[in-house]
Amino acid sequence: MWYNTKATELLGIQYPILQGPFGGNLSSVALTAAVSNAGGLGGYGAYTMSPQEIFETDKQIKQATNKPYNLNLWVSDHDISESGLTDEQFNKTKELFKPYFDEAGIPLPEKPASFQSRFENQLEVILKVRPKVFSFMFGALQEDVLEQCRKLGIVTVGAATTLDEAVFLENSGVDMIIASGFEAGGHRPSFLASAESSVTGTFVLLQLIREKVKIPVIAAGGIANGKGVAAALALGASAAQIGTAFLAVDESNALPVHKQMLFSDAAKYTTLSRAYTGRLGRGITSRIAKELIGKEAGILPFPLQTTFMSPLRKAALDQQKWDMILFWGGQIAPILKHTKASELMQALISETTAYFEDLKMR
């Protein structure tokens, strides 16, 4: 059967369908458990969380499902130089964004405090709670960490946006690779070259990686229905990871207006922008994202830009100025149909099954 793949065997799941692990408080225990309970692999993005929050969330997931699930972290969780943020740099950013803060009727924020990497402490919790799957982005894990994961029975999954990154990850000793195409919503997890130069489409990237890499590959980006899953498997993927379609369901922790936007005509237009976090990410096109293309030099490094933009985002939400907010979403959003995680999973399974059965009869 189509669902018997290296991925399902390695991950201990019934269907090679993974739910994208959303960061920034967009994941939920309910969604993660719903996908895992339906035979897929639920995912929880934990990169913004404290070690204690990860521990508590993991406990809740274990209470909600006895099936495998995935916890996700960012290996590189900031882009701040050793010298820190200069006043000159911050003043340039204030000047660039002042018109938007003025429009919202709020003052410009103070200079963001410095940021200390949390990854090492977060990693300790992952090794302690031992999820079946630990996926990571923006880099590779150290050899000793991968060895610890192997000993603990944790499957490791790295994210690649280029063939070079996929080869690098395989050589590092990771178990599986996500081929993250530029169609995908959210941040571009590039780590060897700039995100702007790492924009290969999912199905091209998948084929390039399959030519050179021996470990199982998961296709991610531009997949939201059974035909997309079938296409990924036909091109050599061991599984498909689906983000935007799961972000739009009731169980996700996205705001109601975010979900409405994903089902609206606005979702036909998406933009890759650094304006909101300092790292390149895809969301439904906003006025700010459009107007700041080519002005990236005035944007703060990640995650200081997120801190800087936080009061503007809150004001825009309060004032319903939707065109000032970048609602994360991928290019596939216009074909979304389902608002319940269980219904989406059932549709993905039945559509993929129907596609392969139809193929046999031709």
Checking side chain to side chain contact (heavy atoms under 4.5 Å, CB included) for the pair Ile288/Leu326: CA distance, chi angles, key distance, verdict?
CA-CA 8 Å; Ile288 294 177; Leu326 191 74; over 6 Å; no
Taking the side chain as every heavy atom from C-beta outward, state whether Asn70 and Val157 have any atom pair closer than 4.5 Å.
no
Ala159 backbone acceptor or donor facing Ser180 side chain under 3.5 Å:
no
Member of Phe22, Trp74, Phe138 meeting the ring-ring contact (aromatic ring centres under 6.0 Å, His included) criterion with Tyr47
Trp74
About how many Å separate CD1 of Ile242 and CG of Leu41, when rounded to the nearest 0.5 Å?
12.0 Å
Heavy-atom donor-acceptor pair, Arg188 side chain to Gly181 backbone, under 3.5 Å:
yes
Cluster question for you: counting only ILVMFWY and a side-chain heavy-atom cut-off of under 4.5 Å, with indirect links fine, are Leu169 and Phe182 together?
no
Check this for me: Lys321, atom NZ, are more than 12 non-hydrogen atoms of other residues, nucleotides or ligands nearer than 6.0 Å?
yes
Can you name the closest pair of heavy atoms from Arg282 and Gly330 and give their distance?
CD-CA, 4.1 Å
When you measure from the side chain of Asn37 to the backbone N and O of Ser342, does any donor-acceptor pair fall under 3.5 Å?
no
Side chain proximity check, Tyr269 to Lys290, heavy atoms < 4.5 angstrom
no
Answer yes or no: is there an ion pair linking Arg287 with Glu103, defined by an N-O contact shorter than 4.0 Å?
yes
Is any side-chain heavy atom of Phe168 closer than 4.5 Å to one of Phe191?
yes
State, without any angle test, whether Thr161 and Ser190 hold a side-chain donor-acceptor pair at a distance under 3.5 Å.
yes
Do the side chains of Val174 and Phe136 get nearer than 4.5 Å, heavy atoms only?
yes
Could I get the full list of side chain to side chain contact (heavy atoms under 4.5 Å, CB included) partners for Glu170, not counting sequence neighbours?
Ile177, Val213, Lys214, Ile215
What ring-ring contact (aromatic ring centres under 6.0 Å, His included) pairs are there with at least one residue in residues 311-351, not counting sequence neighbours?
His187-Trp328, His258-Phe327
Is Glu95 paired with Lys92 through a side-chain N to carboxylate O contact shorter than 4.0 Å?
no
Of the non-hydrogen atoms in Pro16 and Trp2, which two are nearest, and what is the gap between them?
CD-CZ3, 3.6 Å
With the side chain counted from C-beta on, respond yes when Ser114 and Leu85 share a heavy-atom pair under 4.5 Å apart, and no when they do not.
no
Interatomic distance, CD@Gln331 vs OG1@Thr270, rounded to 0.5 Å, equals 4.5 Å
Would you call Phe97 and Met309 a side-chain contact if the rule is heavy atoms closer than 4.5 Å?
yes
For the atom pair CD (Gln241) and CZ (Phe246), what is the distance rounded to the nearest 0.5 Å?
10.0 Å
Establish whether Ile332 and Phe203 are linked, either directly or via other cluster members, by ILVMFWY side-chain heavy-atom contacts under 4.5 Å.
no
Using the rule given for side chain to side chain contact (heavy atoms under 4.5 Å, CB included), can you reason through Phe134 versus Leu73, listing the C-alpha separation, both sets of side-chain angles and the distance that settles it, and then say yes or no?
CA-CA 8 Å; Phe134 168 39; Leu73 293 178; 3.9 Å; yes
Check whether more than 12 heavy atoms from other residues, nucleotides or ligands sit under 6.0 Å from atom NZ of Lys62, and answer yes or no.
yes
Hey, could you give me the CG/OG1 distance between Leu262 and Thr339, rounded to the nearest 0.5 Å?
12.5 Å
Heavy atoms of Ile209 and Leu163 approach each other most closely as CA-CD1, 3.8 Å
Which heavy atom in Pro189 sits nearest to a heavy atom in Met137, and how many Å separate them?
CB-CE, 3.7 Å
Please tell me whether Tyr276 and Ser286 have a donor and an acceptor in their side chains that are separated by less than 3.5 angstrom.
yes
Kindly give the heavy-atom pair with the smallest separation between Ile13 and Tyr15, and that separation in Å.
CD1-O, 3.1 Å
Quick one: do Glu343 and Lys337 make a salt bridge, cutoff under 4.0 Å?
no
Is a side-chain N or O of Gln19 found less than 3.5 angstrom from the main chain of Gly40, in a donor-acceptor match?
no
Please tell me if the side chains of Thr307 and Phe115 come closer than 4.5 Å, counting only heavy atoms from C-beta onward.
no
Salt bridge (Lys or Arg N to Asp or Glu O under 4.0 Å) involving Lys59 - partner list, sequence neighbours excluded:
Glu56
Ignoring hydrogens and angles, tell me if any N or O in the side chain of Thr8 forms a donor-acceptor pair with the backbone of Tyr3 under 3.5 Å.
yes
Check whether Glu183 reaches the backbone of Gly201 with its side chain - one donor and one acceptor, N or O, closer than 3.5 Å.
no
Quick one: does any side-chain atom of Arg210 pair with a main-chain N or O of Gly236 as donor and acceptor, under 3.5 Å?
yes
Look up atom CD1 in Ile349 and atom CD in Gln14, then write down how far apart they are to the nearest 0.5 Å.
7.0 Å
Do any N or O atoms from the side chain of Thr32 and from the backbone of Ser28 form a donor-acceptor pair under 3.5 angstrom?
yes
To the nearest 0.5 Å, tell me how far Ser238 OG sits from Asn4 CG.
11.5 Å
Any heavy-atom pair between the side chains of Leu71 and Ile126 that's under 4.5 Å?
yes
For the pair Ser310 (side chain) and Thr306 (backbone), establish whether a donor and an acceptor sit closer than 3.5 Å, ignoring hydrogens and angles.
no
Glu211 side chain to Gln207 main-chain N or O, any donor-acceptor pair under 3.5 Å?
no
Can Asp77 and Arg118 be counted as an ion pair, charged N to O under 4.0 angstrom?
no
Connected via hydrophobic side-chain network under 4.5 Å: Val249 and Leu255
yes
Could you label the plane-to-plane angle of the Phe308 and Phe90 rings as parallel, tilted or perpendicular, counting under 30° as parallel and over 60° as perpendicular?
perpendicular
Between Ala275 and Leu292 the two heavy atoms that sit nearest each other are CB-CD1, 3.9 Å
